[in-house]
Amino acid sequence: MVDVISEGAHGEAAVTHIEVSEADSKFDILRAAINSRRAGAVGVKAGRYAQLRVGGSMVMSDTDMEKESCREALDLARGDVLIGGLGLGMITLPILSKATVRSVTVIEESADVIALIEPQLRAFSADAAKLTVRRGDVFRWIPGATKRFDFIYMDVWSDICTDNLREIMKLHAKYRRYLRRGGKVRSWMHDELRGR
């Protein structure tokens with residue numbers, strides 16, 4: 001995402017680029033192997049990464065773990081897609097580029113994140129016409145009465161743990177009624193948290 005989203009800030013939202021050295025990477029990989037509390041925690045490889053902070057707290061980055069943990073969403077996305085959480089747009093961009101995707105609606109709570117990220121995604125993506133970003137809280141937002149989606153993906157947690165399972169299940173139950181026949185609802189790290 002460092003090639004898509006520039007460093008900058010808008011209100012409480014800020015994007016920074018970081019460089020992870022080989023030495024830092026080796027240490028992080030070793031630490032993850034010894035202390036891993038989360039499935040898929042393998043440490044950060046050397047390279048350049050983008051980080052999104054809101055109110056000083058990091059809400060996401062584009063490390064390999066983040067990318068891999070979103071792969072199922074990319075594979076399942078088709079038709080009309082609803083995404084909870086804009087973040088860096090890391091999952092939004094590849095979903096937009098899929099020929100099997102007609103539209104992508106993103107619900108993002110932070111106006112500052114929208115102002116910082118959305119224009120850059122639109123400038124980068126040849127498929128930006130398929131994108132609609134709405135400001136709202138996914139726990140309260142209601143699609144139009146007749147709006148239906150083929151795939152819904154929720155990624156609104158900056159720090160994920162089993163404590164989030166109750167919220168995940170609440171969102172799945174809420175949004176399931178807005179699916180077309182054969183549609184699917186998924187959330188970031190849900191299967192890993194449930195031990196699958």
Single hit among Leu76, Leu131, Ile83 for side chain to side chain contact (heavy atoms under 4.5 Å, CB included) with Ile95: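 Of Leu76, Leu131, Ile83, side chain to side chain contact (heavy atoms under 4.5 Å, CB included) with Ile95 is met by Ile83 alone.
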Within a radius of less than 6.0 Å around [atom1] of [X], do more than 12 heavy atoms belonging to other residues, nucleotides or ligands occur?
X      : atom1 : result
Lys174 : NZ    : yes
Lys147 : NZ    : yes
Arg180 : CZ    : yes
Asp75  : CG    : yes

Which pairs pass side-chain hydrogen bond (donor to acceptor under 3.5 Å, both in side chains) with one or both residues in residues 105-116, sequence neighbours excluded?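 Every side-chain hydrogen bond (donor to acceptor under 3.5 Å, both in side chains) pair that includes a residue of residues 105-116, provided the two are not neighbours, is His10-Asp112.
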Answer yes or no: is there a side-chain heavy-atom contact under 4.5 Å between [X] and [Y]?
X      : Y     : value
Glu19  : Tyr49 : no
Leu52  : Thr16 : no
Ile152 : Val81 : no
Ile117 : Val15 : yes

Pairing residues for Arg181 by the salt bridge (Lys or Arg N to Asp or Glu O under 4.0 Å) criterion, not counting sequence neighbours: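 If we apply the salt bridge (Lys or Arg N to Asp or Glu O under 4.0 Å) test to Arg181, skipping adjacent residues, there are no hits.
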Salt bridge (Lys or Arg N to Asp or Glu O under 4.0 Å) partners for Arg102, two or more places apart: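 Arg102: salt bridge (Lys or Arg N to Asp or Glu O under 4.0 Å) contacts with Asp80, Asp150.
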Salt bridge (charged side-chain N to carboxylate O under 4.0 Å, His left out) partners of residues 5-16, not counting sequence neighbours, each pair once: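 Checked against salt bridge (charged side-chain N to carboxylate O under 4.0 Å, His left out) - neighbours excluded - no pair reaches residues 5-16.
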Where at least one partner belongs to residues 119-132, residue pairs that pass salt bridge (charged side-chain N to carboxylate O under 4.0 Å, His left out), sequence neighbours excluded: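 Output for this query lists Glu118-Arg122.
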Given Thr132 and Val104, is the side-chain contact (heavy atoms from CB on, under 4.5 Å) satisfied, shown in steps? CA-CA 6 Å; Thr132 301; Val104 177; over 6 Å; no
What distance separates Leu86 CG from Arg134 CZ, expressed to the nearest 0.5 Å?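 Leu86 atom CG to Arg134 atom CZ measures 13.5 Å (nearest 0.5 Å).
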Interatomic distance, Ser187 atom OG to Glu167 atom CD [nearest 0.5 angstrom]: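 Separation between the atoms: 10.0 Å.
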Audit row: Val59, Arg53, side-chain contact (heavy atoms from CB on, under 4.5 Å) steps and yes/no: CA-CA 5 Å; Val59 295; Arg53 294 181 181 275; over 6 Å; no
Using the test side-chain contact (heavy atoms from CB on, under 4.5 Å), find all partners of Thr100 that sit at least two apart in sequence or belong to another chain.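 Arg78, Lys98.
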Could you walk me through whether Val185 and Leu171 satisfy the side-chain contact (heavy atoms from CB on, under 4.5 Å) test, starting with their C-alpha distance in whole Å, then the side-chain angles of each, then the deciding distance to 0.1 Å, before giving a yes or no? CA-CA 9 Å; Val185 177; Leu171 286 175; over 6 Å; no
Would Tyr175 and Leu82 count as a side-chain contact (heavy atoms from CB on, under 4.5 Å) here? Give the steps. CA-CA 10 Å; Tyr175 284 100; Leu82 175 66; 3.6 Å; yes
Donor-acceptor contact present, side-chain Asp62 to main-chain Ala50, <3.5 Å: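 A pair under 3.5 Å: yes.
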Quick one: does His17's side chain have a donor or acceptor within less than 3.5 Å of a partner on Ile5's backbone?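 Flag set: sc His17 to bb Ile5 pair under 3.5 Å.
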